[in-house]
Each structure stands twice: as C-alpha cells, then as structure tokens.
K.L.:
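The following block contains the structure, expressed as structure tokens.
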Amino acid sequence: MKSNRARSERNGSNDRADTTGSRHSWAANVYAIVGPDGAGKTTIARAIMDRLARRGVRTWIAWMRSPRIVTLGVLGITRLSNLSRTVRMGDHDDVITDLSRHPFLLHLYSWSVTFDYFLGYLGKVTLPKRLLRRTVFCDRFAWDTLVDLGLISGVDEGFLQFPQGRILLDLARRHRSVLVTASREELIRRKPILSLDPRLARRLRLYMWLADRFGLGQVDSETTSESESVSQVSEYLGIAPE
C-alpha cells in the first residue's frame with residue numbers, strides 16, 4: 001500500500017489540504033472515491049466528511065454519474081437499434097450497451113458522455129468548491145466513466161487511446177483518487193442485483209488495471225473493517241486523522 005500511496009501523491013492534485021485541523025487554514029479541495037457499486041464508497045465518504053465537520057471543515061458530496069442531457073438522445077438511437085437494454089440496479093437504472101461493432105455510434109456516444117460529464121463536473125464540483133468554498137468528495141469520478149466507456153467500447157483499457165479517453169483521463173488525474181473495491185462474490189452478497197451485470201468481472205479487472213497503471217490508492221473493503229477502510233482512504237487522500 002505504501003508504494004500505491006506514494007504514486008498517488010505524485011499523480012494527485014498539487015492543491016494540498018492543510019491538515020492542522022484549523023478551519024481557517026483548510027483549503028477547499030476535491031477528492032474522489034471510486035469503485036464498483038456496493039464497495040462502500042458512500043459510507044466511507046460520509047464517515048470522512050463527519051470527521052471533517054467536527055473540525056469545522058465544510059464539505060460537499062457529489063454523486064458523479066454523468067447527467068444524461070445530450071447522452072439521452074444517443075441512447076434513444078441505440079435503443080431503437082436494439083443495441084441497449086436497461087437493467088434496474090438497485091437505486092438506479094443501468095443501461096447495458098455494446099457498441100464494439102458500431103464505431104460511429106461508439107464515438108458519438110462517447111463524445112456525448114464526455115460532454116455531459118464536464119457539465120456535471122461544473123455544476124457538482126467546480127461551483128461548490130469555488131463559490132461555496134466547500135471541500136468536495138466525489139462519489140464516483142472520471143475513473144468510473146472510463147471503466148463504463150471501456151466496457152461499452154469492447155476494448156476495455158484500449159479506450160484510453162480514444163480522444164475521449166485521454167480527455168477524461170486528464171481530468172481524473174487532476175485530483176487525488178482512491179479505489180475502494182471488493183471481490184465479485186462479496187459485491188453480489190452486498191447487492192444481489194449486481195448478479196445481473198454480465199460485465200462485473202471485466203469491470204473489476206479494469207478498475208484494478210487503472211489503479212495499478214496510474215497509481216491510485218487501493219482499499220479492499222472486504223478484508224478491512226469499516227473504520228479501517230475509512231482510515232486507509234483518509235491516509236491515501238492526505239487527510240490527517242482527528
């Protein structure tokens with residue numbers, strides 16, 4: 001874990017938070033907790049936010065799924081073409097799409113997702129940070145979108161060679177990020193609906209590849225208690241304990 005932490009510090013944002021505990025010295029920052037559904041990202045993020053709140057630090061949590069503004073139109077085309085199907089995944093709908101044999105639609109869809117993602121980033125991250133001076137915790141981030149688009153494209157990590165992949169990767173690497181994950185069996189135990197996702201094994205492999213390739217901190221929430229997971233994520237993000 002120490003090697004991952006060191007690489008994460010090299011690749012993370014230079015906008016470091018002051019960890020002395022003083023409300024007046026804390027700089028508003030952006031942190032990302034990424035990983036598959038059911039891994040415990042939201043629980044960990046809220047626990048860290050509660051710790052910071054007790055120190056007088058104002059925080060904001062952003063659930064960073066792309067707003068489907070432009071993307072909805074492209075999804076309509078893929079549904080009419082029988083290239084997409086919707087699966088109810090707990091508290092949200094997941095659209096399973098395979099555009100590996102349709103390069104034009106793939107690029108159109110990828111550009112629409114990328115455009116919508118930056119709209120969401122502006123509204124959910126940039127404005128709260130700059131106008132409200134809040135420290136923002138992103139529940140999911142551009143890393144998750146890269147995983148989604150890699151699976152949809154059919155080329156997995158090869159999607160980083162696409163211009164949309166490079167744009168999203170550049171955004172992802174601007175902020176400190178931690179991967180929270182667990183085994184496929186554990187995720188399904190926590191959220192049985194995930195058994196309907198035929199790409200879950202590929203999804204987990206791609207998350208691990210990105211974390212190893214780009215030096216993200218990694219926390220296995222299956223083998224650590226909740227308090228240990230919170231402490232490890234805080235350490236990777238550079239947030240000092242109370």
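Residues: numbered from 1 along the sequence shown.
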K.L.:
Consider only side-chain heavy atoms of I, L, V, M, F, W and Y, link residues closer than 4.5 Å, and tell whether V136 and L131 are in one cluster.
P.N.:
no
K.L.:
Any donor and acceptor pair, going by atom type alone, linking the side chain of S177 with main-chain N or O of H175 inside 3.5 Å?
P.N.:
yes
K.L.:
Is the shortest heavy-atom distance from the side chain of R140 to the side chain of D37 under 4.5 Å?
P.N.:
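A side-chain contact under 4.5 Å exists here.
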K.L.:
Group every Ile, Leu, Val, Met, Phe, Trp and Tyr by side-chain heavy-atom contacts under 4.5 Å, then state whether L122 and L168 land in the same group.
P.N.:
no
K.L.:
Does any non-hydrogen side-chain atom of I239 lie less than 4.5 Å from one of I48?
P.N.:
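Yes, close enough: below the 4.5 Å cut-off.
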K.L.:
Decide, yes or no, whether a salt bridge links K124 with D139 under the criterion of side-chain N to carboxylate O below 4.0 Å.
P.N.:
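Between D139 and K124 there is no salt bridge, as every charged N stays at least 4.0 Å from the carboxylate O atoms.
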K.L.:
Determine, step by step, whether E228 and S225 satisfy the side chain to side chain donor-acceptor pair (under 3.5 Å) criterion, reporting the C-alpha distance in whole Å, the side-chain angles of both residues, the deciding distance to 0.1 Å, and the verdict.
P.N.:
CA-CA 5 Å; E228 291 173 330; S225 66; 3.3 Å; yes
K.L.:
Which residues satisfy the side-chain contact (heavy atoms from CB on, under 4.5 Å) test with E222, sequence neighbours excluded?
P.N.:
A182, S183, E186, R190, D220
K.L.:
Whether the side chain of T78 engages the backbone of L75 through a donor-acceptor N/O pair (distance < 3.5 Å, no angle test) should be reported.
P.N.:
yes
K.L.:
Any chance you could measure T145, atom OG1, to Y121, atom OH, to the nearest 0.5 Å?
P.N.:
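Between T145 OG1 and Y121 OH, I get 13.0 Å after rounding to 0.5 Å.
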K.L.:
If you link ILVMFWY side chains whenever their heavy atoms are less than 4.5 Å apart, which other residues fall into the same cluster as F115? By chain and number, please.
P.N.:
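Besides F115, the cluster holds I69, V70, L119.
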K.L.:
More than 12 heavy atoms of other residues, nucleotides or ligands under 6.0 Å from CZ of R46: yes or no?
P.N.:
no
K.L.:
If I compare all heavy atoms of T181 with all of L204, which pair ends up nearest, and what's the gap?
P.N.:
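For T181 and L204, the tightest heavy-atom pair comes out as OG1-CD2, 3.8 Å.
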K.L.:
Does any part of the side chain of N29, heavy atoms only, come nearer than 4.5 Å to the side chain of Y31, both counted from C-beta?
P.N.:
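They are in side-chain contact.
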K.L.:
Identify which one of R199, R203, R202 satisfies the salt bridge (Lys or Arg N to Asp or Glu O under 4.0 Å) criterion when paired with D156.
P.N.:
R202
K.L.:
Can you check whether V155's main-chain N or O pairs, donor with acceptor, with S153's side chain at less than 3.5 Å?
P.N.:
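Yes.
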K.L.:
Would you confirm whether Y117, through its side chain, and A142, through its main-chain N or O, come within 3.5 Å as a donor-acceptor pair?
P.N.:
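Pair found, side chain donor or acceptor close to backbone of A142.
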K.L.:
With a 4.5 Å limit on heavy-atom distance, are the side chains of Q164 and T114 in contact?
P.N.:
yes
K.L.:
Should the pair D50-R54 be classified as a salt bridge under the 4.0 Å nitrogen-to-oxygen rule?
P.N.:
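Looking at D50 and R54, the cut-off is not met.
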K.L.:
Distance check, rounded to the nearest 0.5 Å: W63 atom CH2 versus C138 atom SG?
P.N.:
13.5 Å
K.L.:
Give a yes or no on whether I61 and L127 share a hydrophobic cluster (residues Ile, Leu, Val, Met, Phe, Trp, Tyr; joining criterion: side-chain heavy atoms under 4.5 Å apart).
P.N.:
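The answer is no; the residues belong to distinct hydrophobic clusters.
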K.L.:
Does a side chain donor of either S229 or S221 reach within less than 3.5 Å of an acceptor in the other side chain?
P.N.:
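Checked: S229/S221 side chains show no N/O donor-acceptor pair below 3.5 Å.
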K.L.:
Looking at every non-hydrogen atom in both residues, tell me the closest pair between Y207 and G35 and how far apart they are.
P.N.:
OH-O, 3.3 Å
K.L.:
Side chains of I33 and F141: closer than 4.5 Å at any heavy-atom pair?
P.N.:
no
K.L.:
Quick one: does Y236's side chain have a donor or acceptor within less than 3.5 Å of a partner on V178's backbone?
P.N.:
no
K.L.:
Could you state the interatomic distance from CD1 (I188) to CD (E185), rounded to the nearest 0.5 Å?
P.N.:
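Result: 6.5 Å between the selected atoms.
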K.L.:
Taking R58 for the side chain and T135 for the main chain, is one N or O donor matched with an acceptor at less than 3.5 Å?
P.N.:
no
K.L.:
Taking 4.0 angstrom as the limit, do D116 and R68 come out as a salt bridge?
P.N.:
no
K.L.:
Measure up the W143 and F214 rings against each other and bin them: parallel (under 30°), tilted (30 to 60°), perpendicular (over 60°).
P.N.:
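Tilted.
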